[in-house]
**Q** 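Quick one: the structure is below, and I'll ask about it shortly.
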Amino acid sequence: MSALLQKLRGLRTEAGLAAPVIAPPASTDVRRLVQFRAKHTRPALPIASLDREVVGEEIAPGLRFTETHADWPSPPGIIDARFARLDDPVHGANLMHFDTETTGLAGGTGTRAFMIGAADWVGERFRIRQLTITSMSAEASMLRTFASWLNPETVLVSYNGKCYDAPLLATRYRLARLPNPLMGLRHLDLLHPVRRRWKGVWENCRLATVERQLLGVVREDDLPGSEAPAAWLTYLRGGPATNLRRVAHHNAQDLRSLAGVLLHMARIP
DNA sequence: CCGGCTGGGTTTGCGGTAAG
DNA sequence: CTTACCGCAAACCCAGCCGG
(Lines give C-alpha, C1' and ligand atoms only; values in the text may rest on other atoms or scores of the structure.)
Protein backbone atom coordinates (compact mmCIF):
# COMPACT_ATOMS: atom_id res chain seq x y z
CA MET A 1 0.00 0.00 0.00
CA SER A 2 2.80 2.38 0.88
CA ALA A 3 4.50 1.73 -2.43
CA LEU A 4 1.23 2.42 -4.17
CA LEU A 5 0.76 5.69 -2.30
CA GLN A 6 4.29 6.72 -3.09
CA LYS A 7 3.76 5.93 -6.75
CA LEU A 8 0.52 7.92 -6.72
CA ARG A 9 2.25 10.86 -5.06
CA GLY A 10 4.98 10.71 -7.68
CA LEU A 11 2.46 10.70 -10.49
CA ARG A 12 0.61 13.67 -9.00
CA THR A 13 3.87 15.58 -8.71
CA GLU A 14 4.67 14.80 -12.35
CA ALA A 15 1.20 15.98 -13.29
CA GLY A 16 1.87 19.28 -11.55
CA LEU A 17 -0.78 18.71 -8.90
CA ALA A 18 -0.39 19.42 -5.23
CA ALA A 19 0.41 16.41 -3.07
CA PRO A 20 -2.78 15.17 -1.44
CA VAL A 21 -3.05 14.87 2.31
CA ILE A 22 -2.61 11.20 3.06
CA ALA A 23 -4.33 9.87 6.14
CA PRO A 24 -1.94 8.20 8.59
CA PRO A 25 -1.88 4.40 8.38
CA ALA A 26 -4.55 2.78 10.47
CA SER A 27 -2.73 -0.17 11.94
CA THR A 28 0.62 -0.33 13.69
CA ASP A 29 1.73 -2.97 11.17
CA VAL A 30 1.27 -0.56 8.34
CA ARG A 31 2.89 2.24 10.32
CA ARG A 32 5.95 0.07 10.92
CA LEU A 33 6.10 -0.76 7.23
CA VAL A 34 5.94 2.93 6.35
CA GLN A 35 8.71 3.71 8.82
CA PHE A 36 10.80 0.86 7.45
CA ARG A 37 10.38 2.15 3.94
CA ALA A 38 11.22 5.71 4.91
CA LYS A 39 14.40 4.44 6.53
CA HIS A 40 15.57 2.17 3.74
CA THR A 41 14.45 3.80 0.54
CA ARG A 42 15.44 7.10 -0.95
CA PRO A 43 13.92 9.17 -3.72
CA ALA A 44 14.97 8.20 -7.23
CA LEU A 45 16.77 11.51 -7.67
CA PRO A 46 17.68 12.76 -4.19
CA ILE A 47 19.63 15.81 -5.33
CA ALA A 48 17.79 18.36 -7.43
CA SER A 49 19.75 18.72 -10.62
CA LEU A 50 21.76 21.89 -11.14
CA ASP A 51 20.92 22.09 -14.82
CA ARG A 52 17.21 22.74 -15.02
CA GLU A 53 17.29 25.47 -17.63
CA VAL A 54 14.69 24.93 -20.33
CA VAL A 55 14.74 27.26 -23.27
CA GLY A 56 11.96 29.71 -24.02
CA GLU A 57 9.42 31.64 -22.01
CA GLU A 58 6.62 30.18 -19.94
CA ILE A 59 3.37 31.23 -21.64
CA ALA A 60 1.12 29.09 -19.42
CA PRO A 61 1.78 26.97 -16.33
CA GLY A 62 4.16 24.20 -17.46
CA LEU A 63 4.18 25.33 -21.09
CA ARG A 64 7.29 26.82 -22.66
CA PHE A 65 7.45 28.58 -25.99
CA THR A 66 10.31 29.51 -28.29
CA GLU A 67 10.29 31.39 -31.55
CA THR A 68 13.27 31.77 -33.86
CA HIS A 69 13.65 33.00 -37.40
CA ALA A 70 16.02 31.42 -39.86
CA ASP A 71 17.31 33.31 -42.84
CA TRP A 72 16.38 31.54 -46.02
CA PRO A 73 17.37 32.44 -49.58
CA SER A 74 13.97 32.06 -51.22
CA PRO A 75 10.53 31.67 -49.72
CA PRO A 76 8.25 29.64 -51.98
CA GLY A 77 5.42 31.28 -53.88
CA ILE A 78 3.11 28.67 -55.33
CA ILE A 79 4.23 25.06 -55.13
CA ASP A 80 3.36 22.34 -57.58
CA ALA A 81 2.80 19.50 -55.11
CA ARG A 82 1.85 16.80 -57.59
CA PHE A 83 5.05 14.97 -56.69
CA ALA A 84 3.30 14.30 -53.37
CA ARG A 85 0.03 13.47 -55.14
CA LEU A 86 -1.63 16.73 -54.19
CA ASP A 87 -3.26 17.91 -57.39
CA ASP A 88 -4.05 21.49 -56.40
CA PRO A 89 -1.15 23.93 -56.14
CA VAL A 90 -0.13 24.93 -52.63
CA HIS A 91 0.52 28.49 -51.51
CA GLY A 92 3.82 28.74 -49.67
CA ALA A 93 2.24 30.98 -47.05
CA ASN A 94 -0.18 28.19 -46.10
CA LEU A 95 2.52 25.62 -45.36
CA MET A 96 2.87 24.46 -41.78
CA HIS A 97 5.77 22.09 -41.22
CA PHE A 98 5.38 20.20 -37.99
CA ASP A 99 7.13 17.54 -35.96
CA THR A 100 6.36 16.17 -32.52
CA GLU A 101 8.58 14.63 -29.87
CA THR A 102 6.83 11.95 -27.87
CA THR A 103 7.23 9.58 -24.95
CA GLY A 104 7.61 6.58 -27.21
CA LEU A 105 6.94 4.97 -30.52
CA ALA A 106 4.05 2.76 -29.49
CA GLY A 107 1.55 5.13 -31.00
CA GLY A 108 -1.43 4.03 -28.92
CA THR A 109 -3.15 5.97 -26.14
CA GLY A 110 -0.19 5.49 -23.80
CA THR A 111 2.06 7.71 -25.89
CA ARG A 112 1.89 11.46 -25.45
CA ALA A 113 3.58 14.37 -27.16
CA PHE A 114 5.72 16.56 -24.92
CA MET A 115 6.99 18.83 -27.67
CA ILE A 116 5.43 20.24 -30.82
CA GLY A 117 7.62 22.07 -33.30
CA ALA A 118 6.04 24.01 -36.14
CA ALA A 119 7.57 26.11 -38.87
CA ASP A 120 6.09 28.37 -41.51
CA TRP A 121 6.94 31.17 -43.88
CA VAL A 122 6.31 34.66 -42.64
CA GLY A 123 7.13 37.04 -45.44
CA GLU A 124 10.75 36.46 -46.35
CA ARG A 125 11.64 34.52 -43.26
CA PHE A 126 11.30 30.98 -42.03
CA ARG A 127 9.78 31.00 -38.55
CA ILE A 128 10.31 28.10 -36.14
CA ARG A 129 8.08 27.88 -33.08
CA GLN A 130 8.36 25.19 -30.44
CA LEU A 131 6.14 24.23 -27.53
CA THR A 132 7.46 22.10 -24.67
CA ILE A 133 5.56 20.98 -21.61
CA THR A 134 7.30 20.60 -18.28
CA SER A 135 4.36 18.90 -16.56
CA MET A 136 1.72 16.44 -17.70
CA SER A 137 -1.08 18.88 -16.87
CA ALA A 138 0.18 21.43 -19.39
CA GLU A 139 -0.65 19.22 -22.36
CA ALA A 140 -4.05 20.80 -22.99
CA SER A 141 -2.53 24.30 -23.11
CA MET A 142 0.05 23.07 -25.60
CA LEU A 143 -2.63 21.49 -27.78
CA ARG A 144 -4.75 24.66 -27.68
CA THR A 145 -1.78 26.84 -28.59
CA PHE A 146 -0.81 24.63 -31.52
CA ALA A 147 -4.43 24.65 -32.70
CA SER A 148 -4.36 28.46 -32.75
CA TRP A 149 -1.55 28.34 -35.32
CA LEU A 150 -3.67 26.44 -37.83
CA ASN A 151 -6.51 27.51 -40.07
CA PRO A 152 -8.64 25.71 -42.67
CA GLU A 153 -6.25 26.76 -45.45
CA THR A 154 -3.21 25.29 -43.72
CA VAL A 155 -1.33 22.56 -45.57
CA LEU A 156 0.55 20.35 -43.13
CA VAL A 157 4.06 19.23 -44.03
CA SER A 158 5.66 16.34 -42.18
CA TYR A 159 7.85 13.28 -42.44
CA ASN A 160 5.75 10.18 -41.80
CA GLY A 161 3.34 12.49 -40.00
CA LYS A 162 0.31 11.01 -41.74
CA CYS A 163 0.93 7.75 -39.96
CA TYR A 164 2.59 8.94 -36.82
CA ASP A 165 2.28 12.55 -35.65
CA ALA A 166 -1.22 13.27 -36.94
CA PRO A 167 -2.98 10.17 -35.52
CA LEU A 168 -1.08 10.61 -32.24
CA LEU A 169 -2.16 14.24 -31.93
CA ALA A 170 -5.70 13.21 -32.90
CA THR A 171 -5.93 10.91 -29.88
CA ARG A 172 -4.33 13.56 -27.62
CA TYR A 173 -6.95 16.14 -28.72
CA ARG A 174 -9.71 13.58 -28.18
CA LEU A 175 -8.45 12.70 -24.71
CA ALA A 176 -8.23 16.40 -23.86
CA ARG A 177 -11.80 16.80 -25.17
CA LEU A 178 -10.64 19.39 -27.67
CA PRO A 179 -11.57 19.57 -31.34
CA ASN A 180 -8.86 18.18 -33.59
CA PRO A 181 -7.50 21.10 -35.61
CA LEU A 182 -5.69 18.75 -38.03
CA MET A 183 -8.96 17.21 -39.19
CA GLY A 184 -9.74 17.96 -42.79
CA LEU A 185 -6.47 19.75 -43.49
CA ARG A 186 -4.43 18.83 -46.54
CA HIS A 187 -1.31 16.97 -45.54
CA LEU A 188 1.91 16.73 -47.52
CA ASP A 189 3.85 13.79 -46.13
CA LEU A 190 7.34 13.81 -47.63
CA LEU A 191 8.23 10.22 -46.71
CA HIS A 192 6.34 8.61 -49.56
CA PRO A 193 7.51 10.83 -52.43
CA VAL A 194 11.06 10.41 -51.10
CA ARG A 195 10.68 6.64 -51.06
CA ARG A 196 9.22 6.60 -54.55
CA ARG A 197 12.23 8.42 -55.87
CA TRP A 198 15.19 7.13 -53.84
CA LYS A 199 14.19 3.76 -52.46
CA GLY A 200 16.97 1.33 -53.24
CA VAL A 201 19.36 4.15 -54.07
CA TRP A 202 20.15 5.12 -50.48
CA GLU A 203 20.59 2.75 -47.55
CA ASN A 204 17.23 3.93 -46.16
CA CYS A 205 14.81 6.82 -46.45
CA ARG A 206 14.96 8.22 -42.95
CA LEU A 207 14.89 11.99 -42.67
CA ALA A 208 18.48 12.07 -41.42
CA THR A 209 19.60 10.23 -44.57
CA VAL A 210 17.52 12.39 -46.88
CA GLU A 211 18.82 15.66 -45.46
CA ARG A 212 22.41 14.45 -45.74
CA GLN A 213 22.04 13.27 -49.35
CA LEU A 214 19.86 16.11 -50.57
CA LEU A 215 20.84 19.09 -48.45
CA GLY A 216 24.30 18.13 -47.24
CA VAL A 217 23.25 18.56 -43.62
CA VAL A 218 25.70 17.00 -41.19
CA ARG A 219 24.34 16.87 -37.66
CA GLU A 220 26.77 17.50 -34.88
CA ASP A 221 26.10 16.46 -31.29
CA ASP A 222 22.82 14.99 -32.45
CA LEU A 223 20.63 13.22 -29.93
CA PRO A 224 19.11 10.10 -31.53
CA GLY A 225 15.33 10.26 -31.68
CA SER A 226 15.09 7.11 -29.62
CA GLU A 227 16.59 8.97 -26.66
CA ALA A 228 13.99 11.75 -26.73
CA PRO A 229 11.51 10.01 -24.40
CA ALA A 230 14.17 9.46 -21.74
CA ALA A 231 15.39 13.05 -22.09
CA TRP A 232 11.97 14.43 -21.23
CA LEU A 233 11.14 11.88 -18.52
CA THR A 234 14.49 12.55 -16.86
CA TYR A 235 13.71 16.26 -16.76
CA LEU A 236 10.15 15.60 -15.56
CA ARG A 237 11.51 13.61 -12.60
CA GLY A 238 13.80 16.40 -11.53
CA GLY A 239 16.84 15.50 -13.58
CA PRO A 240 19.00 17.69 -15.79
CA ALA A 241 17.55 19.49 -18.81
CA THR A 242 20.70 18.96 -20.88
CA ASN A 243 19.31 16.34 -23.23
CA LEU A 244 15.90 18.03 -23.37
CA ARG A 245 17.58 21.06 -24.92
CA ARG A 246 19.28 18.75 -27.42
CA VAL A 247 15.84 17.33 -28.28
CA ALA A 248 14.63 20.88 -29.04
CA HIS A 249 17.72 21.45 -31.17
CA HIS A 250 17.10 18.20 -33.03
CA ASN A 251 13.42 19.09 -33.52
CA ALA A 252 14.31 22.48 -35.01
CA GLN A 253 16.73 20.83 -37.43
CA ASP A 254 14.02 18.38 -38.48
CA LEU A 255 11.77 21.34 -39.33
CA ARG A 256 14.47 23.07 -41.38
CA SER A 257 15.16 19.81 -43.24
CA LEU A 258 11.45 19.32 -43.87
CA ALA A 259 11.30 22.68 -45.62
CA GLY A 260 14.55 22.01 -47.47
CA VAL A 261 13.39 18.64 -48.77
CA LEU A 262 10.02 20.05 -49.80
CA LEU A 263 11.61 22.87 -51.78
CA HIS A 264 14.09 20.49 -53.34
CA MET A 265 11.39 18.08 -54.45
CA ALA A 266 9.20 20.86 -55.76
CA ARG A 267 12.33 21.97 -57.70
CA ILE A 268 12.45 25.33 -56.02
CA PRO A 269 16.10 26.47 -55.57
C1' DC B 1 -23.66 -24.54 -78.49
C1' DC B 2 -20.95 -24.93 -74.46
C1' DG B 3 -17.07 -25.52 -71.40
C1' DG B 4 -12.68 -24.17 -70.38
C1' DC B 5 -8.39 -21.73 -71.37
C1' DT B 6 -5.95 -17.42 -72.03
C1' DG B 7 -4.82 -12.49 -72.06
C1' DG B 8 -5.49 -7.86 -70.26
C1' DG B 9 -6.88 -5.00 -66.68
C1' DT B 10 -8.34 -4.22 -62.01
C1' DT B 11 -8.62 -5.39 -57.06
C1' DT B 12 -6.99 -7.34 -52.88
C1' DG B 13 -3.45 -8.73 -49.65
C1' DC B 14 0.78 -8.67 -47.50
C1' DG B 15 5.44 -7.27 -46.19
C1' DG B 16 8.40 -3.47 -45.47
C1' DT B 17 9.13 0.92 -43.45
C1' DA B 18 9.14 5.42 -41.23
C1' DA B 19 7.95 8.16 -36.98
C1' DG B 20 9.94 8.82 -30.76
C1' DC C 1 4.69 -2.00 -28.49
C1' DT C 2 1.09 1.29 -33.62
C1' DT C 3 -0.48 3.29 -37.81
C1' DA C 4 -0.76 4.49 -42.70
C1' DC C 5 0.94 4.12 -46.99
C1' DC C 6 3.52 2.25 -50.87
C1' DG C 7 4.85 -1.24 -54.05
C1' DC C 8 4.66 -5.60 -55.61
C1' DA C 9 2.49 -9.95 -56.32
C1' DA C 10 -1.28 -12.99 -56.15
C1' DA C 11 -5.95 -13.28 -56.97
C1' DC C 12 -9.75 -12.18 -59.41
C1' DC C 13 -12.85 -10.89 -63.15
C1' DC C 14 -14.48 -10.70 -67.61
C1' DA C 15 -14.25 -10.95 -72.41
C1' DG C 16 -12.78 -13.36 -76.34
C1' DC C 17 -11.59 -17.41 -78.55
C1' DC C 18 -10.85 -22.15 -79.58
C1' DG C 19 -11.70 -27.07 -79.45
C1' DG C 20 -14.86 -30.70 -78.63
**Q** I'd like to know whether CD of A:E124 has more than 12 heavy-atom contacts from other residues, nucleotides or ligands below 6.0 angstrom.
**A** no
**Q** Indicate yes or no: does A:D189 engage A:R85 in a salt bridge with an N to O separation below 4.0 Å.
**A** no
**Q** Does NZ or CZ of A:R52 fall inside the cone over A:Y235's six-membered ring, less than 6.0 Å from its centre and within 45° of the axis?
**A** yes
**Q** What contact category does A:R206 fall into here, base, sugar-phosphate, or nothing, at under 4.0 angstrom with non-hydrogen atoms?
**A**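 Answer is sugar-phosphate: A:R206 comes under 4.0 Å of backbone atoms only.
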**Q** Assess the side chains of A:H97 and A:D120: does a donor N or O sit below 3.5 Å from an acceptor N or O?
**A**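 Judged by distance alone, the side chains do not pair up.
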**Q** Check for a donor-acceptor pair, side chain of A:W232 on one end and backbone N or O of A:E101 on the other, with a separation under 3.5 Å.
**A** no
**Q** With a 3.5 angstrom cut-off on both distances, give the Watson-Crick or G-U wobble partner of C:dG16, or none if there isn't one.
**A**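 B:dC5 - that is the nucleotide pairing with C:dG16, both distances being under 3.5 Å.
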**Q** I need the CZ-C1' distance between A:R195 and C:dC8, as an integer number of Å.
**A**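 About 14 Å, once rounded to whole Å.
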**Q** Which base sits across from C:dC5 as a Watson-Crick or G-U pair, both distances under 3.5 Å?
**A**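 Pairing partner, where one exists within any strand: B:dG16.
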**Q** What pairs with A:D221 under salt bridge (charged side-chain N to carboxylate O under 4.0 Å, His left out), at least two apart in sequence or on another chain?
**A** A:R246
**Q** Applying a 4.0 Å non-hydrogen cut-off, can you work out what A:T103 is touching in the nucleic acid: base, sugar-phosphate, or nothing?
**A**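 No contact.
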**Q** Rounded to whole Å, please give me the gap between CG in A:L105 and C1' in C:dA4.
**A**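 These atoms are roughly 14 Å apart.
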**Q** I'd like the 5' and 3' limits of the part of DNA chain B contacted by chain A, with heavy-atom contacts below 4.0 Å.
**A**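 Using the under 4.0 Å cut-off, the span is B:dG16 to B:dG20.
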**Q** How is A:D189 classified with respect to the nucleic acid when contacts are heavy atoms under 4.0 Å: base, sugar-phosphate, or nothing?
**A**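 Touches nothing.
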**Q** Which part of the nucleic acid, if any, lies within reach of A:D254 when heavy atoms closer than 4.0 Å are counted: base, sugar-phosphate only, or nothing?
**A**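 Sugar-phosphate only.
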**Q** Once you round it to whole Å, what is the distance between P of C:dG7 and CG of A:L191?
**A** 10 Å
**Q** Pick the closest DNA chain C nucleotide for A:R196 and for A:N160 by heavy atoms, then say which residue is nearer the 5' end.
**A**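 The residue mapped nearer the 5' terminus is A:N160.
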**Q** Does the Lys NZ or Arg CZ of A:R125 fall within the cation-pi geometry relative to A:W72 - under 6.0 Å from the ring centre and within 45° of the axis?
**A**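 No cation-pi geometry.
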**Q** Between A:K199 and A:T102, which is nearer to the 5' end of DNA chain B once each is assigned its nearest nucleotide?
**A** A:K199
